[in-house]
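Residue numbering restarts at 1 for every chain, and letters A, B, ... go by the order of the sequence lines.
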Amino acid sequence: MTIKVYNTLGRCKQELVPLRPGRIRMYVCGPTVYDSCHIGHARSVVVFDVIYRYLKARGYDVYYVRNFTDVDDKIINRANELGISCEALAGQYIDEFHVDMKAINMRPPDMEPLATGHISQIIEIVGLLIEKGYAYEAQGDVFFSVQKWPEYGKLSGRRLEDMEAGARVEVDHRKHSPFDFVLWKASKPGEPAWESPWGKGRPGWHIECSAMSAQYLGETFDIHGGGKDLIFPHHENEIAQSEAAFGKTSASYWIHNGFININQEKMSKSLGNFLMIKDIVKKWHPEALRLFIVSSHYRSPLDYTRQAMAEASASLDKIYGLLERVAHVFDHWPPETEDSGDHEKSDSGTDLWQRFCDAMDDDFNTARAMGLLFEAVRSLNRQIDEQGAGSACLSPGGRARIADMLRIGDVLGLMEDSPARYFQMRKQAVLDSQEIDPEWIEEKIRQRKDARKAKDFALADQIRDELQALHITLEDRPEGTIWKHGDGKT
RNA sequence: GGCGGCAUAGCCAAGUGGUAAGGCAGAGGCCUGCAAAGCCUUUAUUCCCCGGUUCGAAUCCGGGUGCCGCCUCCA
């Protein structure tokens, strides 16, 4: 079984062949830390988190690096506006980023380097590029000369001539070509600055990634990822400078995730429709956000709407509803499911994990994987129905299927809560949003129970309707009545 | 102007040559005092349009239409 990935470099699916068997080195462009993380960051970060988890689940030794860009124009501008130092601003948003990542169940990368921690490596690469004739200095700035690099444009599929024909191009007469980009920037007074052979300055945007990826993963590594928008110019420039400096291939596979729109509009400052991760997780379970993201293919555009999130949330309820039944059957969570180990087909034939791998091997097709997951949910619900409540065990096939489901959850970052905790959280959200005392609900349930006992169904139904209007749904179970969050329909 | 992508049921979304996954919503049924949850059945003779290739196309080719992204900071 081989994994196929869509490589932006070449624009086709290719077999994933690691540079060294069994080992994968991947680098993903992290955020520029000058503001809070929005849902677009969430998608990128979730997509690569799932890829990371999957490769590990498939037995690869993975080393995953995601950087922070902690020096650039936006940070400087913002810090000046706020009257604080760049370090303080960056530090604040790095901390916030970590809080957000934890909230959405991200596995931390193996390394999270800072651009400012790698100035000497950056200076070294810039020097190398000048030495080799790919870069030139002009009044303290150092530019990369795109005309000296014949392969410039190979990632984004652009040709210099085409771009020059139509693009709006800044006029900087020191540049040999309008598309030359800055490797090292002379600092203005008050800006962060480091000593360099070209005077006091700071790194350009792209060079940091060349320096950090080379340092932690080697000059050639396996996977380089990021958002689609980074293809040009960021990754195009990065690939040019890295390959020119080191004289070898940079990354084998370039993976780019698609964008998220909000109600079919691009997120933008002017529309004021930026959705921050910290706000989303206040309203929804973090796994609902993850499920929303993995429900479509990572390269497709994704439209965020309230309804789409509500559907993702309902889907998650369905999954946890099954887990709750499983917990009840086993009287235990997590259930004691003897892991089927090599996951060969058991008697009743669970090849769920294998089919999941088939989907994921095809360019990380998580949408197809979700279909499999829901089929498994249905089949397990059916099995539990057929056995009847109180039955203490599930067939070996059922147990293996549950084990597979949880294993899939480990990859997608779903089903990581216990069902009890999950529904408790959902209930708590109802209580908090309406300032309801749970004891009051219990009292209502007792009143309804008495009414039902007395066959006063009119009263019983009236109580239930009253609760339903408050988004509280009752379920009469053999062992008694429980309540769950509901949609408020009466 | 250049480069690239997308168009599948009411909505979301898989499916790259062999006869349309899955979720939500809807309808009917089982269960229930009635519900809820769960299960079962059902909902696209058809995949934007027009041609072509093929025994066979949502899938390949040509043309058209409509959306969208990038080319400037952006995940």
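Using a 4.0 Å cut-off between charged nitrogen and carboxylate oxygen, A:Asp385 and A:Arg382 do not count as a salt-bridge pair. Classification of A:Arg355 and A:Glu375 as a salt-bridged pair holds, one side-chain N sitting under 4.0 Å from a carboxylate O. Between A:Arg78 and A:Asp72, no side-chain nitrogen of the basic residue sits less than 4.0 Å from a carboxylate oxygen of the acidic one, so the salt-bridge criterion is not met. A salt bridge links A:Glu324 to A:Arg477: one of the charged nitrogens lies within less than 4.0 Å of a carboxylate oxygen. A salt bridge does not link A:Asp410 with A:Arg53: every distance from a Lys NZ or Arg NE/NH1/NH2 to an Asp or Glu carboxylate oxygen is 4.0 Å or more.
Remark: nothing in residues 95-102 of chain A comes within less than 4.0 Å of RNA chain B through any heavy atom.
For A:Tyr422, the side chain to side chain donor-acceptor pair (under 3.5 Å) partners two or more places apart in sequence, or in a different chain, are A:Asp317. Residues satisfying the salt bridge (charged side-chain N to carboxylate O under 4.0 Å, His left out) test with A:Arg378, not counting sequence neighbours, are none. A search for salt bridge (charged side-chain N to carboxylate O under 4.0 Å, His left out) contacts involving A:Lys154 returns A:Glu151, A:Glu243, not counting sequence neighbours. Qualifying side chain to side chain donor-acceptor pair (under 3.5 Å) partners for A:Ser242, counting only residues two or more places apart in sequence or in other chains: A:Ser210. The side chain to side chain donor-acceptor pair (under 3.5 Å) test applied to A:Thr69 returns A:Asn67, A:Glu208, not counting sequence neighbours. With sequence neighbours excluded, the residues forming a side chain to side chain donor-acceptor pair (under 3.5 Å) with A:Lys185 are A:Asp73, listed by chain and number. A:Asp279 is linked by a salt bridge (charged side-chain N to carboxylate O under 4.0 Å, His left out) to A:Lys282, counting only residues two or more places apart in sequence or in another chain.
Nucleotides B:G29 and B:G5 are separated by 49 Å at their P atoms, to the nearest Å. Distance noted for atom C1' between B:G56 and B:G23: 31 Å (whole Å). Nucleotides B:G51 and B:A25, compared at atom P, are 40 Å apart to the nearest Å. Comparing the same atom, C1', in B:U53 and in B:A57 gives a spacing of 10 Å after rounding to whole Å. The same atom, P, is picked in B:U45 and in B:C40; the two are 24 Å apart, to the nearest Å. Using C1' as the reference atom, B:C30 and B:A36 are 15 Å apart when rounded to the nearest Å. For B:A7 and B:A13, the C1' atoms lie 13 Å apart once the distance is rounded to whole Å. Atom name P, nucleotides B:G15 and B:C55: the rounded distance is 28 Å, in whole Å.
Considering only side-chain atoms of A:Thr32, the nucleotide from B:G23, B:A75, B:C70 that sits closest is B:A75. Listed nucleotides B:C73, B:G22, B:G2 differ in distance to A:Arg158; the shortest reach to its side chain belongs to B:G2.
Of all the heavy atoms in A:Val28 and A:Met26, the pair that sits closest is CG2-CE, 4.1 Å. Smallest separation of non-hydrogen atoms from A:Glu466 and A:Lys444: OE1-NZ, 3.4 Å.
The aromatic ring of A:Phe259 is not stacked on the base of B:G69, since the criterion of ring centres less than 5.5 Å apart with planes inclined by under 30° is not met.
Take the nearest nucleotide of RNA chain B for A:Ala369 and for A:Ile39: the residue whose nucleotide is more 5' is A:Ala369. Nearer the 5' end of RNA chain B, as judged by each residue's closest nucleotide, is the contact made by A:Met370, out of A:Met370 and A:Phe232.
A:Ile277 has its CD1 atom 11 Å from the P atom of B:A75, to the nearest Å. Across the protein-nucleic acid pair, A:Phe423 atom CZ and B:A37 atom P stand 11 Å apart, rounded to whole Å. Rounded to an integer number of Å, the gap from CG of A:Leu289 to C1' of B:A75 is 13 Å. The NZ atom of A:Lys266 sits 8 Å away from the C1' atom of B:C70 (whole-angstrom rounding).
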Listed pairs, N/O of protein and of nucleotides 31-36 of chain B, under 3.5 Å:
from, atom 1, to, atom 2, distance (Å)
B:G33, N7, A:Arg452, NH2, 3.4
B:G33, O6, A:Arg448, NH2, 3.4
B:G33, O6, A:Arg452, NE, 3.1
B:G33, N1, A:Asp461, OD1, 3.0
B:G33, N2, A:Asp461, OD1, 3.4
B:G33, N2, A:Asp461, OD2, 2.6
B:C34, O2, A:Arg464, NH1, 3.2
B:C34, O2, A:Arg464, NH2, 2.4
B:C34, N3, A:Arg464, NH1, 2.9
B:C34, N4, A:Asp476, OD2, 3.1
B:A35, N6, A:Asp476, O, 3.4
B:A35, N1, A:Asp476, N, 3.0
B:A35, N1, A:Asp476, OD2, 3.3
B:A35, N3, A:Arg464, NH1, 3.2

Could I get a table of every N or O pair under 3.5 Å where one atom is in the protein and the other is in nucleotides 38-42 of chain B?
from, atom 1, to, atom 2, distance (Å)
B:G38, O3', A:Asn381, ND2, 3.1
B:G38, O2', A:Arg325, NH1, 3.1
B:G38, O2', A:Asp385, OD1, 3.3
B:G38, O2', A:Asp385, OD2, 2.7
B:C39, O4', A:Asp385, OD2, 2.8
B:C40, OP1, A:Arg382, NH1, 2.3

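Paired regions of RNA chain B, where each region holds three or more successive Watson-Crick or G-U pairs whose two hydrogen-bonding distances fall under 3.5 Å, are B:1-7 with B:65-71, B:10-12 with B:22-24, B:26-30 with B:38-42, B:48-52 with B:60-64.
Looking at heavy-atom distances under 4.0 Å, A:Ile231 makes no contact with the nucleic acid at all. Using a 4.0 Å heavy-atom distance criterion, A:Gly227 is classed as a sugar-phosphate-only contact.
Cation-pi contact between A:Arg107 and A:Tyr52: absent, since separation from the ring centre below 6.0 Å together with deviation from the ring axis within 45° is not met.
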Exercise for review: Walk me through it: do A:Arg290 and A:Asp49 pass the test salt bridge (Lys or Arg N to Asp or Glu O under 4.0 Å)?
Suggested key: CA-CA 10 Å; A:Arg290 294 189 67 116; A:Asp49 182 53; 2.7 Å; yes
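Each of A:His224, A:His235, A:Arg299 was evaluated against A:His256; a single residue qualifies, A:His235, per the side chain to side chain donor-acceptor pair (under 3.5 Å) test.
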Practice item. Classify every nucleotide of nucleotides 4-15 of chain B by which part a protein heavy atom approaches to under 4.0 Å, writing B for the base, S for the sugar-phosphate alone and - for neither, in 5'-to-3' order. Key: S--------SSS
